[in-house]
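What follows is a set of notes on a single structure, which appears directly below.
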Number of protein chains: 2
Amino acid sequence: MTIPPWKSLADAKRQSTLDAIPSKWRIEEPIPPPTELRDVTGSYIQQFLSPREIEITELDAYGIAEKTTTGQWTALEVTEAFCHRAALAHQLVHCLHEAFFDSALEEAKRLDAYFAEHKKPLGPLHGLPVSLKDQFHVKGVETTMGYVGWIDTFQGIKDDPRRGVFESELVRELRGLGAVLYCKTSVPATLMCGETVNNIITYTHNPKNRLLSCGGSSGGEGALIALKGSPGGFGTDIGGSVRIPAVFNGLHGIRPSAGRIPYEGAANSMDGQNTILSVSGPLASTARSLQLLFKAVLSQQPWLHDPLALELPWRSDIEQETRALVEQSAKDPSKLAFAIMKNDGMVVPHPPIARALDIVEQTLKRLGHKVIEWNPPSHATAVKLASATYNFDGGADALYHFGLSGEGPPSQIIVGGGTPQKNALEIAQTNVAKREYQKQYMDYWNSTADLTGTGRPVDGVLFPTAPHAAVVPTQYHHVGYSSCLNLLDYTSVVFPVTNADKNLDAAQPRETFLSELDEKIYKDYDADVYDGAPAGVQLFGRRLQEEKMLVLAEYVSAAVRST
Amino acid sequence: MTIPPWKSLADAKRQSTLDAIPSKWRIEEPIPPPTELRDVTGSYIQQFLSPREIEITELDAYGIAEKTTTGQWTALEVTEAFCHRAALAHQLVHCLHEAFFDSALEEAKRLDAYFAEHKKPLGPLHGLPVSLKDQFHVKGVETTMGYVGWIDTFQGIKDDPRRGVFESELVRELRGLGAVLYCKTSVPATLMCGETVNNIITYTHNPKNRLLSCGGSSGGEGALIALKGSPGGFGTDIGGSVRIPAVFNGLHGIRPSAGRIPYEGAANSMDGQNTILSVSGPLASTARSLQLLFKAVLSQQPWLHDPLALELPWRSDIEQETRALVEQSAKDPSKLAFAIMKNDGMVVPHPPIARALDIVEQTLKRLGHKVIEWNPPSHATAVKLASATYNFDGGADALYHFGLSGEGPPSQIIVGGGTPQKNALEIAQTNVAKREYQKQYMDYWNSTADLTGTGRPVDGVLFPTAPHAAVVPTQYHHVGYSSCLNLLDYTSVVFPVTNADKNLDAAQPRETFLSELDEKIYKDYDADVYDGAPAGVQLFGRRLQEEKMLVLAEYVSAAVRST
């Protein structure tokens, strides 16, 4: 049997990423199989690191930036520690597409020289390593986005002058902020998948439970940050692709509304579909790190360099108002009111997610906040419109890019949904239906001012991010918990709450189901397999409410942790 | 020969608008033909009004609001004066689709009672009559948008429950501000036309020169405000439809970037085409009135009620910074720098427009400002992409709505451009090409920081709005001077500069042409026919720069007037 050419190319590319890892950082002993050791975070990965490397890499991005922007830690030492840990992470769960440690170490040296000369940092991220989903172009580094046909090209185009030299706007801004770029992380081919699988790196597993997926499409980011091979990074989200891997890996992540974090010059799938725009957003291990990354990017005025970015600097007034509300609510909890929606009317979440949501609800109620039931316009409408949008081109874009090499899509990746390409009138009808739904949802949100007791509508809504705590490979069947918010273009922050626990989260007998899909997903649950998987939730707010939602998510997640 | 049913319907509708005018306000004597009297503004229309009515209606919106919000003038007296003058205006140039004077007078009485009771105005537009393009729904009033098939329906739908009761979001907000709504103004069927012509009201001529068009598509607004039958009103602009009628009628008008003034719940053509969004913006006789209307609407927080509106309140800091720059520039004119582009590389404007642009350039140079030449990425690209966008549906939407009654489109209205409907991939390609062009333009704008001497890129760019000062009916062949800015989503404010003058604006012999279109438009020029037509220009800025551009347009237009 001959090996098809695309497979040789993919194998060589996979090997080249491994080859980028210095031999001193190779794991020589066999890695135990997931059935023997699910969780490779914590003590397992620590065994390969020095105490100093552990100290550095287990501080969060905010804490690291405090050290590196004040000269307490050098960029070089920090960068080297993260390169090492990222190299280990990749060997454990295949979370990298590109590793460019040498140029990162050179950059770190330049930053240290800058600090020595100017006695001040280059910017608020001076010396902080930042990882990037493999959609962002970095000079001297390839972008495959998981397509074999993109190897040795620029976005599939051979001999394109941008190859190897072009940088995405976010990358330019991160450099301006003093961040150190050192790796790009794995994605599913097409990006339209809640798992991370492609014919180059194969599969990225969940480092907290290697029986499960790390999520997708910013899955490599989620896995790498969970292994503390990165203090924070940037993913993208068109249907949940930042939030899913963040929550599956026990992290914080934000899906901002479109127009805040620059997307200009990033590779994408179905580029030019502008009914639901993919957005970029950070993932990190703490809420304060998420804020640091978000705020730092806005300080670069992306609206002067990205035509889709909005002229909305970080609004300190909104941040301060929200912090004031939070502080006042310590004495008078009626100052803040939340809503909760335990299922979306289509699929009931698995027990670990239901329990995570209960924990948050009980925490907020114990603190004295009002938590109302959320009864918005049917989410089925949102999910249907989002799905229709993702299939506007009938799969033409994905088929074209798979076709460049002749590779076949991994089984989880459904190309085009079997529907023909839509025409201008059909697309316009979807756009109108979307706007009408957004208007109904907005009016519903406004109407809750009568129920909260704060004089305002609810401050945020608690909601599952997915029906499951991470997911068994090939069993991600309902993306509606995340995609509904892309359709609405709402701000959503995910945060960790608990972990699936086979003793607490036994399957509950059910006789009636919301739908066939509900029954299918119910049957997929296996308390033993899911045991240990992170279970978090999302807290969402209205469009362009990033300052408010980042502060509220920090408050709620801290409250949950302290109970 | 039998009259087709649609014609009877159209005739009846036209008559019903005339019938809404009280007999005391009918012009009984014959109106002189345009060949005898071109200009019916000023003394001609004044003959039908009392001195008090003239005093009221010839104050600008800002001045009127000063009187009505302080109780110096009653809403009733002001409303009655404008109803009278609007009734006259309609008889002169057919600028109204709907007149609802009785309910306006009732509303004015309620506002006067409110003021008497509360000793304060309802809002910043208390007692100010505001006219609306016939896309905005007002309860109890029809919206035909110039389609015969929309008569007795809601947007062409028979027995729709919204008919007669639904109000557009802008209308709700204007009511909340205390404005008095009293008429809706004429539009071309489809809205995709630089003239105002439909089978109901037939044709709206330019009141300053009735041989010419009032422009379109917010043509009725332009004609009505020029006749001072309205102190200000709202139109919409997808390719120039606010700016063209504003500049053709010697007014100020703004095309804001998408997302500032609410469009929610307004009727539209090709609704759901979201590559270039139609935007709403005010027209008025003075710059300060334009600011009043714009700022007042934002005070209603449209982003809480319109899903496409951005959470961008009126930014007083930007307004104040710009005013400070203007004040400083009185002493040090190098504080402000402009650019000028005299033709778009496709069509050379007629002599009156070239002269208007020269007047502005000379004024700014005399004041000591730097005025650089504007050499952006080819406007032909922008115009081509805009045209492609307007034709995405191949005319399907327009054909459907004409088909409701069986009427044929007026000859100026080109349906679909003869191209087939586009598919998802083609639309996505246009969206990508648009974004790439926007990025190039943005980078060019940034690059001018090296040329201005202010340390900033240019503060605004002066540019024709159309190749002609108003236009001879059926001779609007190049909409590229306005549509390029819709493609870019830039903020543009038009203002009057001068009037075409057959003695100053003789046709200049030319032997070479930029294109066949250029030659055609050159040949269309007739100094005698155009004599007297208003000639203005647009001052455009970057996206979402409304506060800055409104202040700068006020400054530049005042400077031009005082020279």
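First the proteins, then the strands, lettered A, B, ... as listed; each starts at 1. Values below: every heavy atom of this structure, side chains too, minus hydrogens, waters and symmetry copies.
Using a 4.5 Å cut-off between heavy atoms, B:S257 does not touch chain A at all. Using a 4.5 Å cut-off between heavy atoms, B:A258 makes no contact with chain A at all. At a 4.5 Å heavy-atom cutoff, the contact between A:L312 and chain B is made by side-chain atoms alone. With a 4.5 angstrom heavy-atom cutoff, A:N446 touches chain B only via side-chain atoms. Residue B:D489: no heavy atom, backbone or side chain, is found under 4.5 Å from chain A.
Pairing each heavy atom of B:L308 with each of A:Q438, the nearest pair is CD2-OE1, 4.5 Å. A:G272 approaches B:N431 most closely through the heavy-atom pair O-ND2, 2.6 Å. Shortest non-hydrogen contact noted between B:N274 and A:T275 is ND2-CA, 4.0 Å.
Using a 4.5 Å heavy-atom cutoff, the side chains of B:Q421 and A:L425 are in contact.
The residues B:R435 and A:D271 are annotated as salt-bridged, a charged nitrogen and a carboxylate oxygen being separated by less than 4.0 angstrom.
Between chain B and the options A:H305, A:E426, A:R315, the largest number of non-hydrogen pairs under 4.5 Å is found for A:H305. In terms of heavy-atom pairs under 4.5 angstrom with chain A, the leader among B:D443, B:L310, B:D397 is B:L310. In terms of non-hydrogen atom pairs under 4.5 Å with chain B, the most contact-rich of A:K434, A:Q429, A:K422 is A:K422. Contacts with chain B were tallied for A:L544, A:L488, A:V432; A:V432 has the most, counting heavy-atom pairs under 4.5 Å.
When each of B:Q545, B:R542, B:R543 is tested with A:E311 by the rule side-chain contact (heavy atoms from CB on, under 4.5 Å), just one qualifies, namely B:Q545.
Remark: A:Y490 pairs with A:Y441, A:W445 by the ring-ring contact (aromatic ring centres under 6.0 Å, His included) rule, at least two apart or across chains.
Other residues, nucleotides and ligands contribute more than 12 heavy atoms inside 6.0 Å of the OH atom of A:Y444. Under a cut-off of 6.0 angstrom, the local environment of NZ in A:K439 is crowded, with over 12 non-hydrogen atoms contributed by other residues, nucleotides or ligands.
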